[in-house]
2 protein chains.
Amino acid sequence: MDSARPSAAVGAPTDDRTTSARIRDAAIECYARFGVGGTTARRVAREAGVSPGLVIHHFGSMDGLRAACDEHVAAVIRHTKQEAIGAGLGLDVTAAWRDADIGHLGGYLAHVLVDDSPAVDRLVDDLVTDAVDYLTQGIETGLVRPLDDLHGAATVMVLWSLGGLVLHRHMQRLLGVDPTEPGFGTDPSFPAYAGPAYEIIGEGIFTQAFASHIRDAVAGMTGPTGGTT
Amino acid sequence: MDSARPSAAVGAPTDDRTTSARIRDAAIECYARFGVGGTTARRVAREAGVSPGLVIHHFGSMDGLRAACDEHVAAVIRHTKQEAIGAGLGLDVTAAWRDADIGHLGGYLAHVLVDDSPAVDRLVDDLVTDAVDYLTQGIETGLVRPLDDLHGAATVMVLWSLGGLVLHRHMQRLLGVDPTEPGFGTDPSFPAYAGPAYEIIGEGIFTQAFASHIRDAVAGMTGPTGGTT
DNA sequence: GGGCGTGCTGAATCCATGTTCAGTATTTTA
DNA sequence: TAAAATACTGAACATGGATTCAGCACGCCC
């Protein structure tokens, strides 16, 4: 029907645009728009312009399709990240691929991040690793202050960023920005989120006195159990 | 229908423990443990020790059941909040009801926060309002520094807190703590999350110079569109 | 006691889903 | 060109879902 064997993608993670790739992309869009529960074999088939049977023919099962989508999304994000390196402001780990032209990937992640998937888990792990790198570089460059718990801070920031992605509906409701929307970073309302976010992680919100009080309180919780000091 | 006439509501949101309440509680537990997609009428019925038909008899439909659960959870959380007022450390908006003995409510929210529900939306709105109050009090007390965008900061902090709740599986994987678990606040691994979290929101992670640079950059994004300066 | 409504049951119904499969077109191989 | 493999279709099929319904049991009113 469509074939389209040639037309080779120059730098993409995979260069296919075969029927099987079209099905996979249609599935990603469905997952992004209707969620995991709302995505059926028939709907994907219709969206891709093929028969329901073909979906299973290519991917074995709906689970197989889901896994293929996970793998592909993870691959695309890794690839996008490569390109973004160097341009890296390093402000936000997820900023790079959110600003990029990646269609429904944000929406896909927003729906998929909440349930089990090895590929997505690995992706999240990678994001944390990257965040650690960014922070380390930031400290060396003198942009970021030395941190008590670098790895912990990186992890928490990734969780918060992705949390915002997952709760995009509420962010849209409350702040007028949707982080799953392509062009999120250039949206006129973007500062409604970025402003407070950077105000918080930039200078913190506590006064000096209270900040150290809290620090002691939290440190005190480790003592009795860990018993370092 | 509902009976449960006597036993007057002393302080609880609703005083029932009728069959219908048992079904609703079983449903909440199912939603918390198996998610929305994994919760079927039959499963709820089995968990509550009743027949499938009775579930629909009491709630009209599964949607009705879901709505009833939303309402109830929101009510319980509001009630718990009332009690926590005054004890309020105000460190974390969600801390109060996470530490409280509210069984599966955290897990319920983690699963439900991502899809549409008026009751849950209202609950989130309330949390933001509370956060604004806490921050305002903090500023008056001298614990929190004056903020450029108080409301924005409150919103973002609520989104991040709830985001961590929704992504509890990843938090468990990465930090060894699960915010949906009862007793999250007293878990030995709790500091693995709280430490970095307070380090970030407490004092911020940027050096003074970079923080103001970022602030200008974000402020500059409003300019061209809003045209303030 | 006799009706009567309400709580409740569980089999039956209807529907949408994932998956299978027999068969057709199309491409590749030789 | 002939044969084989592969892409693809679309009508089954089986499963499990929500919801319906006829009927049972029990407490309340007259």
Side-chain angles (χ1 to χ4, degrees), chain A residues 1-8 14-70 72 111-112 115-117, chain B residues 1-7 14-70 111-112 115-117:
Chain A
M1 200 176 290
D2 191 84
S3 38
R5 297 159 305 295
S7 85
T14 47
D15 54 51
D16 51 324
R17 193 51 186 176
T18 53
T19 305
S20 120
R22 279 203 344 265
I23 294 174
R24 184 206 55 208
D25 290 349
I28 290 175
E29 182 174 341
C30 284
Y31 285 128
R33 287 172 51 194
F34 312 113
V36 177
T39 296
T40 69
R42 286 169 170 76
R43 173 121 69 173
V44 171
R46 181 155 28 89
E47 210 75 21
V50 298
S51 69
L54 196 60
V55 175
I56 267 69
H57 171 74
H58 276 297
F59 296 95
S61 69
M62 285 305 279
D63 278 356
L65 175 59
R66 171 62 205 287
C69 291
D70 280 353
H72 184 249
H111 281 289
V112 146
D115 47 41
D116 290 37
S117 154
Chain B
M1 197 179 294
D2 197 82
S3 44
R5 305 148 306 291
S7 85
T14 46
D15 56 53
D16 48 327
R17 194 52 184 173
T18 53
T19 306
S20 120
R22 279 204 342 266
I23 294 174
R24 184 205 54 210
D25 290 349
I28 291 175
E29 182 175 341
C30 284
Y31 285 128
R33 287 173 51 195
F34 312 112
V36 178
T39 297
T40 70
R42 290 170 220 275
R43 172 121 69 172
V44 171
R46 180 155 27 91
E47 210 75 20
V50 299
S51 68
L54 196 59
V55 175
I56 267 68
H57 171 74
H58 275 297
F59 297 94
S61 68
M62 286 306 278
D63 279 356
L65 174 60
R66 168 64 203 287
C69 291
D70 280 352
H111 281 289
V112 145
D115 48 39
D116 289 36
S117 154

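Chain A is the first sequence line, chain B the second, and so forth, proteins listed ahead of strands; every chain is numbered from 1.
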task = Mind checking Val55(B) for me? I need base, sugar-phosphate or nothing, with any heavy atom below 4.0 Å counting as a touch.
result = nothing
key: Pairing residues for Arg66(B) by the salt bridge (Lys or Arg N to Asp or Glu O under 4.0 Å) criterion, not counting sequence neighbours   = Asp70(B), Asp115(B)
request  = Not counting sequence neighbours, which residues clear side-chain contact (heavy atoms from CB on, under 4.5 Å) with Thr19(B)? List them please.
outcome  = Arg22(B), Ile23(B), Val50(B), Leu54(B)
ask   = Which residues pass the salt bridge (Lys or Arg N to Asp or Glu O under 4.0 Å) test with Arg33(B), sequence neighbours left out?
value = Glu29(B), Glu47(B)
query = Atom SG in Cys30(A), atom NE2 in His111(A): separation rounded to 0.5 Å?
reply = 11.0 Å
query = Does any pair with a residue in residues 52-61 of chain B pass salt bridge (charged side-chain N to carboxylate O under 4.0 Å, His left out), and if so which ones, sequence neighbours excluded?
reply = none
request  = Kindly write out the residues that satisfy side-chain contact (heavy atoms from CB on, under 4.5 Å) with Arg42(A), not counting sequence neighbours, or none if the list is empty.
outcome  = Thr40(A), Pro52(A)
Short heteroatom pairs, N/O only, protein and nucleotides 14-18 of chain C, under 3.5 Å:
from: dG18(C); atom 1: OP1; to: Ala41(A); atom 2: N; distance (Å): 3.4
from: dG18(C); atom 1: OP2; to: Ala41(A); atom 2: N; distance (Å): 2.8
from: dG18(C); atom 1: N7; to: Arg42(A); atom 2: NH1; distance (Å): 2.9
from: dG18(C); atom 1: O6; to: Arg42(A); atom 2: NH2; distance (Å): 3.1

ask   = Rounded to the nearest Å, what distance is computed from the CG atom of residue Leu54(A) to the C1' atom of nucleotide dC21(C)?
value = 14 Å
request  = Would you please name every residue forming a side-chain contact (heavy atoms from CB on, under 4.5 Å) with Ala68(B), sequence neighbours left out?
outcome  = Phe59(B)
inquiry  = It should be established whether His57(B) places a side-chain nitrogen or oxygen under 4.0 Å from OP1 or OP2 of nucleotide dG7(C).
reply    = yes
request  = May I ask you to list the residues of residues 29-37 of chain B, by number, that have any heavy atom positioned under 4.0 Å from an atom of DNA chain C?
outcome  = none
ask   = Starting at CZ of Arg22(A) and ending at C1' of dA7(D), how long is that distance when rounded to a whole Å?
value = 12 Å
ask   = Whole Å only: how far is the CZ atom of Phe59(A) from the C1' atom of dA7(D)?
value = 13 Å
note = Contacts satisfying ring-ring contact (aromatic ring centres under 6.0 Å, His included) that involve residues 17-46 of chain B (not counting sequence neighbours) are Tyr31(B)-Tyr108(B)
